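Just so it is clear, the model here is predicted, and its values are computed rather than measured.
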Amino acid sequence: VQLQASGGGLVQAGGSLRLSCAASGIIFSISPMAWHRQAPGNKRELVAATGVGTTKYADSVKGRFTISRDNSKNTLYLQMNDLKPEDTAVYYCNTNRRGVDYWGKGTLVTVSS
């Protein structure tokens, strides 16, 4: 299983970014996928998750972030709008296959005030 996240960068507060995660080694269309993030000094936290017909979001990002997937490209996305300085973190994509969690290398998002 390989997960490759990209799309992070530096953005001003109120701006937008779209993260992508290319997946391989799994049957992507039926795999649960998620975005997590970890800010310096904080625990890793769930941002958004999607399964077959379901999505969920952390309260802190509801209405601002949208998780989506393109099963034809085996790619997971996270559209982030109205970014805030507190969204600054390393963002990781994640899947679970047969009870084992897999993580990609993160992509850094920095939001300046």
*Asks:* Nearest 0.5 Å, what's the CD1-CG distance between Ile30 and Asn71?
*Replies:* 10.0 Å
*Asks:* Quick check: closest heavy atoms across Thr95 and Ser31, and the distance to 0.1 Å?
*Replies:* OG1-CB, 3.8 Å
*Asks:* Could you pull out the closest heavy-atom pair between Ala13 and Ser113, with the gap in Å?
*Replies:* CB-CA, 4.3 Å
*Asks:* Using only atom types and a distance under 3.5 Å, with no angle test, would you say the side chain of Trp35 pairs donor to acceptor with the backbone of Tyr77?
*Replies:* yes
*Asks:* If you group Ile, Leu, Val, Met, Phe, Trp and Tyr by side-chain heavy-atom gaps below 4.5 Å, do Val47 and Ile67 land in one group?
*Replies:* yes
*Asks:* Using 0.5 Å steps for rounding, measure from the OG atom of Ser68 to the CD atom of Gln79.
*Replies:* 8.0 Å
*Asks:* Please answer whether the main-chain N or O of Tyr102 pairs with a side-chain N or O of Asn94 as donor and acceptor at a distance below 3.5 Å.
*Replies:* yes
*Asks:* Does one hydrophobic cluster hold both Leu78 and Val11, with members joined at side-chain heavy-atom distances below 4.5 Å?
*Replies:* yes
*Asks:* Tyr57 and Tyr91: same hydrophobic cluster, using ILVMFWY side-chain contacts below 4.5 Å?
*Replies:* yes
*Asks:* May I ask you to test the Leu17-Val109 pair for a side-chain heavy-atom distance under 4.5 Å?
*Replies:* yes
*Asks:* Quick one: OG1 on Thr88 to CG on Leu10, what's the gap to the nearest 0.5 Å?
*Replies:* 8.5 Å
*Asks:* Hey, quick one: are Tyr92 and Val1 part of the same hydrophobic cluster, counting side-chain heavy atoms closer than 4.5 Å, chains of contacts allowed?
*Replies:* no
*Asks:* For the side chain of Asp87 and the backbone of Lys84, is there at least one donor-acceptor N/O pair under 3.5 Å apart?
*Replies:* yes
*Asks:* Could you walk me through whether Leu3 and Met33 pass the side-chain contact (heavy atoms from CB on, under 4.5 Å) check?
*Replies:* CA-CA 10 Å; Leu3 303 171; Met33 302 295 299; 4.0 Å; yes
*Asks:* What is the minimum heavy-atom distance between Leu46 and Ala34, and which atoms define it?
*Replies:* CD1-CB, 3.9 Å
*Asks:* Would you kindly say whether Thr75 and Asp70 are connected by a side-chain donor-acceptor distance under 3.5 Å?
*Replies:* no
*Asks:* Quick one: does Thr107's side chain have a donor or acceptor within less than 3.5 Å of a partner on Gly8's backbone?
*Replies:* yes
*Asks:* At what distance, to the nearest 0.5 angstrom, does CZ of Arg18 lie from OG1 of Thr66?
*Replies:* 11.5 Å
*Asks:* Are Phe65 and Val111 grouped together when hydrophobic residues (ILVMFWY) are joined by side-chain heavy atoms under 4.5 angstrom apart?
*Replies:* yes
*Asks:* Side chains of Val61 and Arg37: closer than 4.5 Å at any heavy-atom pair?
*Replies:* yes
*Asks:* Please report the C-alpha distance between Leu76 and Thr50 in whole Å, then the side-chain angles of each, then the deciding distance to 0.1 Å, and finally whether the side-chain contact (heavy atoms from CB on, under 4.5 Å) criterion is met.
*Replies:* CA-CA 9 Å; Leu76 179 73; Thr50 177; 3.8 Å; yes
*Asks:* Please round to the nearest 0.5 Å and tell me the distance separating atom OG of Ser6 and atom NZ of Lys105.
*Replies:* 13.5 Å
*Asks:* Any idea how Trp103 and His36 line up, ring-wise: parallel (<30°), tilted (30 to 60°), or perpendicular (>60°)?
*Replies:* perpendicular
*Asks:* Crowded around Gln2 CD? As in, over 12 foreign heavy atoms under 6.0 Å?
*Replies:* no
*Asks:* Donor-acceptor check, side chain of Arg69 to backbone of Phe28, threshold 3.5 angstrom: yes or no?
*Replies:* yes
*Asks:* Using a cut-off of 6.0 Å, state whether more than 12 heavy atoms not belonging to Gln4 lie near its atom CD.
*Replies:* no
*Asks:* Salt-bridged, Asp59 to Lys62, with N to O below 4.0 Å?
*Replies:* yes
